[in-house]
Amino acid sequence: MRAVAVVPGNKDSLHVRGDVPEPAPGAGEAVVRVLEAGVCGTDVEIHQGLYGAAPGGSPYLVLGHENLGVVDSAPAGAAVAVGDLVVATVRRPCDEPCRPCAADQNDMCLTGRFKERGIGGLHGFMSERYSEDPRYLVRVPYSLREVAVLLEPMTIVQKGIEQALRIQERMAWDPRKAVVIGAGPVGILAAAALRLRGYEVTVAALEPEGTFKDRLLDEAGIDYVSTGRTPLADLEAKLGRVDLVFEATGSAHVVLRAMQLLGPAGVCILSSVTGGSKNLEVDVATWNREMVLGNRLVFGTVNAARRHFESGVADMAAAEERLPGWLGKLITRRLPFTDAPRALERSPEDVKTVLQFA
Ligand code: BGC
């Protein structure tokens with residue numbers, strides 16, 4: 001069958017190949033026909049040779065972790081049935097397994113020896129079909145068919161917010177203001193999820209005001225600030241106390257500013273993976289003093305558990321009900337998967353590019 005693949009560690013290696021073996025489902029596994037796969041920053045990093053690992057013994061890695069498909073075959077009595085619309089989770093537990101992996105919390109793996117489909121050690125979903133254990137398949141209603149390929153990035157958001165709210169149970173808290181930094185798919189989905197929870201949300205990003213993303217956010221009652229006009233350092237003066245910051249830019253410089261934006265007892269969610277290394281001069285005494293005297297909290301979050309896929313489905317359904325068609329506007333380009341190399345060329349107005357397989 002055909003698939004979009006890369007040779008991890010090799011720069012610019014993305015290609016379409018026709019010699020990928022058909023899935024060989026193990027006992028109890030389902031076969032899924034891929035409908036769509038989203039292209040994300042992690043895929044670009046893998047294509048650039050900076051990240052990723054092929055499965056043992058394979059010279060290539062089938063790319064893709066943002067996915068949507070239809071069940072083609074499933075064993076009798078499985079949790080999914082033929083015809084179900086499904087999204088697969090990304091991470092699989094480490095072999096030991098560590099305590100979180102043993103408790104179905106492989107998104108919190110302690111050993112780092114987990115595998116991730118389409119990223120590290122397991123083929124991904126940019127192929128015509130794949131097989132999977134149904135416990136890693138999450139059913140999605142057909143009413144979300146046009147947008148469900150956005151579910152995986154939405155789960156990153158769901159986990160970050162869920163963890164923040166759980167941690168903040170440390171105090172009596174009535175959060176009102178949230179700032180999301182970055183207007184890529186994760187940033188925009190984070191803003192939407194926070195708005196659904198009643199926050200006053202401001203997205204801060206590089207693009208000028210009045211452009212597509214600003215207008216899109218405005219439709220959802222979300223403010224937009226261009227950091228070209230209002231640097232992050234001035235945002236607190238403009239907005240007042242910020243209770244929650246969601247960092248989703250991938251820029252080391254911004255990560256530092258994100259923490260500094262946080263009001264007393266606020267929580268800062270770091271969700272972007274910054275590549276390479278970047279040295280910055282930091283006044284650690286001031287940073288530490290403000291963290292301590294303000295009971296501030298910063299934490300990192302990666303990947304997501306099954307429950308975040310389920311809450312993501314609920315949020316996407318709620319967004320569709322409140323603003324029908326809005327989520328779909330985040331998919332700014334759909335291309336046949338045979339044009340995969342073109343999917344990597346991005347314009348500033350692009351939010352999410354999706355490859356179509358069927
Ligand atoms: C994916 C996560 C994954 C992370 C690190 C992200 O792009 O959405 O599922 O855990 O990359 O590999």
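Values below: every heavy atom of this structure, side chains too, minus hydrogens, waters and symmetry copies. Ligands are counted one by one from 1 in listed order, and the atoms in each one are counted from 1 as well.
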- prompt: So do the side chains of V254 and E247 get within less than 4.5 Å of each other, counting heavy atoms only?
  reply: yes
When you check the gap from the basic side-chain N to the acidic O, do D174 and R176 get nearer than 4.0 Å?
-> no
**NZ or CZ of R2 within 45° of F337 ring axis and under 6.0 Å** = no
Side chains of residues 189-197: which donor-acceptor pairs under 3.5 Å do they make with residues two or more places apart or in other chains?
from : atom 1 : to   : atom 2 : distance (Å)
R195 : NE     : G221 : O      : 3.2
R195 : NH1    : Y199 : O      : 2.7
R197 : NH1    : A193 : O      : 2.8
R197 : NH1    : D315 : OD2    : 2.7
R197 : NH2    : Q158 : OE1    : 3.4
R197 : NH2    : D315 : OD2    : 3.2

Hits for salt bridge (Lys or Arg N to Asp or Glu O under 4.0 Å) against R257, two or more places apart or cross-chain, chain-then-number order -> none
Pairs under 3.5 angstrom only: tabulate donor-acceptor contacts from the side chains of residues 135-156 to other protein residues two or more places apart or in another chain.
from : atom 1 : to   : atom 2 : distance (Å)
R135 : NE     : D133 : OD2    : 3.2
Y142 : OH     : G83  : O      : 2.7
T155 : OG1    : E152 : O      : 2.6

Near ligand 1 (heavy atom, under 4.0 angstrom), the protein residues are C40, T42, Y51, H65, V90, R91, E116, I119, E152, I156, V302, N303
